[in-house]
K.L.:
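Take this structure first; my questions come after.
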Amino acid sequence: MSNEIGKGMLVVLSGPSGCGKDTVLNCLCESDERICQSVSVTTRAPREGEVDGVHYYFISKEEFERRIENGEFAEYVRYNDNYYGTLKSEIENAVNAGRIIILVIEVQGAANIIAQFPDAVSVFLMPPSIGVLEQRLRKRGTESEQTIRKRLEIAKEEMEKSRLYKHVVVNDELEKTVQTVHDILKFYTSEQQS
Ligand code: 5GP
């Protein structure tokens, strides 16, 4: 895979668990048909309502390790005792089709992608505060107390790495956040055309 972004555009969106990345992503995908989401592969168990092939490709640890051996991942990490990874094919297919593909990934994976694709647009979504993040995680009600604690610890570490990103957007009001990210993407697409 070359470093060329080609016809499409590669976007990395990160932010601590519970900061609203998925909601922002859904709004962006609805707002523009060129925008699509990269479906990651994970060994984590599906949460209620999550669909294989839509939210993630859910596979076993053995299968994930086989795919690492095969060189199928553009990046992968072990996070919270599970593997998560982006398939090279997801990026290539979307970029070759001229689409704006958004990778919603954690900071280590984002750093790997930014190193391979320096032209990638990177956005870090920041919660208004750790307190607000904790409230959102609890409201979601899908995780145990232990997992929530662990996710908050990871969140603090991730927020310290936000300086690696080209843009940091505070997710205070959903509508405003989506508009800001949309404007950022529009800026780069118009730059590509000029
Ligand atoms: P969750 O378990 O909440 O769905 O995801 C946990 C974290 O893993 C989130 O920060 C999410 O953005 C990140 N993540 C999801 N898919 C990938 C991936 O393919 N690669 C990397 N590096 N992180 C991912």
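Keep in mind that this is a model prediction, so the values were computed, not measured.
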K.L.:
Does one hydrophobic cluster hold both Val169 and Phe187, with members joined at side-chain heavy-atom distances below 4.5 Å?
P.N.:
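Yes, Val169 and Phe187 fall within the same hydrophobic cluster.
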
K.L.:
Using a 4.5 Å cut-off between side-chain heavy atoms of Ile, Leu, Val, Met, Phe, Trp and Tyr, which other residues end up in the same hydrophobic cluster as Val51?
P.N.:
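In the cluster with Val51 are Val54.
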
K.L.:
Quick one: side chain to side chain contact (heavy atoms under 4.5 Å, CB included) partners of Glu134, sequence neighbours excluded?
P.N.:
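Glu134 satisfies side chain to side chain contact (heavy atoms under 4.5 Å, CB included) with Arg138, Arg149, Leu152 once adjacent residues are dropped.
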
K.L.:
Would you say Asn96 and Glu92 make side-chain contact, with heavy atoms under 4.5 Å?
P.N.:
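SC-SC contact between Asn96 and Glu92 confirmed.
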
K.L.:
Any idea which heavy atoms bring Ala45 and Glu50 closest together, and the distance?
P.N.:
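In this case the closest contact between Ala45 and Glu50 is O-OE1, 4.4 Å.
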
K.L.:
Can you name the side chain to side chain contact (heavy atoms under 4.5 Å, CB included) partners of Glu63, sequence neighbours left out?
P.N.:
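Checked Glu63 against side chain to side chain contact (heavy atoms under 4.5 Å, CB included); matches are Ile59, Ser60, Arg66, Arg67.
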
K.L.:
Please determine which of Val107, Leu125, Val123, Val121 meets the side chain to side chain contact (heavy atoms under 4.5 Å, CB included) test together with Tyr165.
P.N.:
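Result for side chain to side chain contact (heavy atoms under 4.5 Å, CB included) with Tyr165: Val107.
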
K.L.:
Contact between Met159 and Pro127 at the side-chain level, heavy atoms closer than 4.5 Å - yes or no?
P.N.:
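The answer is yes; the side chains approach within 4.5 Å.
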
K.L.:
Donor-acceptor pair, distance only, cut-off 3.5 Å: does the side chain of Glu106 make one with the backbone of Gly109?
P.N.:
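Yes, Glu106 side chain to Gly109 backbone: donor-acceptor pair under 3.5 Å.
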
K.L.:
Taking all atoms of both residues into account, what is the closest heavy-atom pair of Leu28 and Ile35, and its distance?
P.N.:
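For Leu28 versus Ile35, the nearest heavy atoms are O-CD1, 3.6 Å.
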
K.L.:
Determine whether a donor-acceptor pair (N or O, by modelled atom type, separation under 3.5 Å) exists between the side chain of Asn171 and the backbone of Cys19.
P.N.:
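A pair under 3.5 Å: yes.
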
K.L.:
Roughly how far apart are Leu103 CG and Ile91 CD1, rounded to 0.5 Å?
P.N.:
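Here the interatomic distance stands at 5.0 Å.
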
K.L.:
By ring-ring contact (aromatic ring centres under 6.0 Å, His included), which residues pair with Tyr57, not counting sequence neighbours?
P.N.:
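Once residues adjacent in sequence are excluded, Tyr57 has no partner under the ring-ring contact (aromatic ring centres under 6.0 Å, His included) criterion.
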
K.L.:
Nearest 0.5 Å, please: how far is CG in Leu13 from OG in Ser38?
P.N.:
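One gets 12.0 Å once the value is rounded to the nearest 0.5 Å.
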
K.L.:
For the pair Lys166 (side chain) and Ala120 (backbone), establish whether a donor and an acceptor sit closer than 3.5 Å, ignoring hydrogens and angles.
P.N.:
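Indeed, once roles are kept as given, a pair shorter than 3.5 Å links the two residues.
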
K.L.:
Let me see the working for Thr177 and Asp172 under side-chain contact (heavy atoms from CB on, under 4.5 Å), right down to the final yes or no.
P.N.:
CA-CA 7 Å; Thr177 306; Asp172 206 348; 5.6 Å; no

K.L.:
Check for a donor-acceptor pair, side chain of Lys156 on one end and backbone N or O of Ile130 on the other, with a separation under 3.5 Å.
P.N.:
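Side chain of Lys156 to backbone of Ile130: no pair is present.
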
K.L.:
Roughly how far, to the nearest 0.5 Å, is the CZ atom of Arg151 from the CD1 atom of Ile148?
P.N.:
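It is 9.5 Å, given to the nearest 0.5 Å.
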
K.L.:
How is the hydrophobic cluster of Tyr84 composed, in terms of its other members, when Ile, Leu, Val, Met, Phe, Trp and Tyr link through side-chain heavy atoms under 4.5 Å apart, directly or indirectly?
P.N.:
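Tyr84 shares its hydrophobic cluster with Tyr56, Phe58, Val77, Tyr79, Ile154.
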
K.L.:
Determine, using ring centers only, whether His167 and Tyr188 are less than 6.0 Å apart.
P.N.:
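Judged by ring-centre distance (under 6.0 Å), Tyr188 and His167 do meet the cut-off.
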
K.L.:
Enter the distance from Phe124:CZ to Arg163:CZ here, rounded to the nearest 0.5 Å.
P.N.:
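It comes to 11.0 Å.
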
K.L.:
Side-chain contact, heavy-atom cut-off 4.5 Å: Ser162 with Met126?
P.N.:
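SC-SC contact between Ser162 and Met126 confirmed.
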
K.L.:
Is the backbone of Glu72 close enough, under 3.5 Å, to the side chain of Asn70 for a donor and an acceptor to pair up by distance?
P.N.:
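No, because the side chain of Asn70 does not come within donor-acceptor range (under 3.5 Å) of the backbone of Glu72.
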
K.L.:
For Tyr83, which of Glu65, Arg44, Lys61 qualifies under side chain to side chain donor-acceptor pair (under 3.5 Å)?
P.N.:
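Of the listed residues Glu65, Arg44, Lys61, the side chain to side chain donor-acceptor pair (under 3.5 Å) partner of Tyr83 is Glu65.
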
K.L.:
Do other residues, nucleotides or ligands put more than 12 heavy atoms under 6.0 Å from Glu69 CD?
P.N.:
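No.
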
K.L.:
Is any side-chain heavy atom of Phe73 less than 4.5 Å from a side-chain heavy atom of Val41?
P.N.:
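Yes - at least one pair of side-chain heavy atoms lies under 4.5 Å apart.
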
K.L.:
Is Phe117 reachable from Tyr76 through a run of I, L, V, M, F, W or Y residues, each pair having side-chain heavy atoms under 4.5 Å apart?
P.N.:
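Tyr76 and Phe117: separate clusters.
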
K.L.:
A side-chain contact here means heavy atoms from C-beta on lying under 4.5 Å apart; do Ile102 and Gln37 qualify?
P.N.:
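Counting from C-beta outward, Ile102 and Gln37 never come under 4.5 Å.
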
K.L.:
Which distance, rounded to the nearest 0.5 Å, do you find between the OG1 of Thr86 and the CD1 of Ile105?
P.N.:
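It comes to 4.5 Å.
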
K.L.:
Side chain to side chain contact (heavy atoms under 4.5 Å, CB included) with Ile114: which residues, sequence neighbours excluded?
P.N.:
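So Ile114 forms a side chain to side chain contact (heavy atoms under 4.5 Å, CB included) with Ser122.
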
K.L.:
What is the minimum heavy-atom distance between Leu133 and Pro16, and which atoms define it?
P.N.:
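Between these two residues, the closest heavy atoms are CD2-CB, 3.9 Å.
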
K.L.:
Any idea which heavy atoms bring His182 and Ser31 closest together, and the distance?
P.N.:
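Heavy atoms only, the tightest pair is CD2-OG, 3.3 Å.
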
K.L.:
Applying side-chain contact (heavy atoms from CB on, under 4.5 Å), run through Leu137 and Arg140 and close with a yes or a no.
P.N.:
CA-CA 5 Å; Leu137 281 175; Arg140 193 153 83 180; 3.8 Å; yes

K.L.:
Run the side-chain contact (heavy atoms from CB on, under 4.5 Å) check on Leu10 and Asp119 step by step: do they pass?
P.N.:
CA-CA 8 Å; Leu10 179 57; Asp119 287 344; over 6 Å; no

K.L.:
Could you tell me whether the side chains of Asn112 and Gln116 share a donor-acceptor contact shorter than 3.5 Å?
P.N.:
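Checked: Asn112/Gln116 side chains show no N/O donor-acceptor pair below 3.5 Å.
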
K.L.:
If we only count heavy atoms from C-beta on, is the Pro46 to His55 side-chain gap below 4.5 Å?
P.N.:
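With C-beta onward as the side chain, the pair stays apart.
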
K.L.:
Side chains of Arg34 and Leu185: does their closest heavy-atom pair fall under 4.5 Å?
P.N.:
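They are not in contact (no side-chain heavy atoms under 4.5 Å apart), so the answer is no.
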
K.L.:
Would you compute the distance between atom CD of Glu173 and atom OG1 of Thr180 and round it to the nearest 0.5 angstrom?
P.N.:
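The OG1 atom of Thr180 is 10.0 Å from CD of Glu173, to the nearest 0.5 Å.
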
K.L.:
Check Thr147 against Ser144 and note the closest heavy-atom contact, atom names and distance.
P.N.:
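Thr147 and Ser144 have their closest heavy atoms at OG1-OG, 2.8 Å.
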
K.L.:
Got Glu75 and Gln108 here, is their nearest side-chain heavy-atom distance under 4.5 Å?
P.N.:
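Glu75 vs Gln108: side chains apart.
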
K.L.:
Should Ile184 and Val178 be regarded as members of a common hydrophobic cluster, given that ILVMFWY residues are connected when their side-chain heavy atoms come within less than 4.5 Å of each other, either directly or indirectly?
P.N.:
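Yes.
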
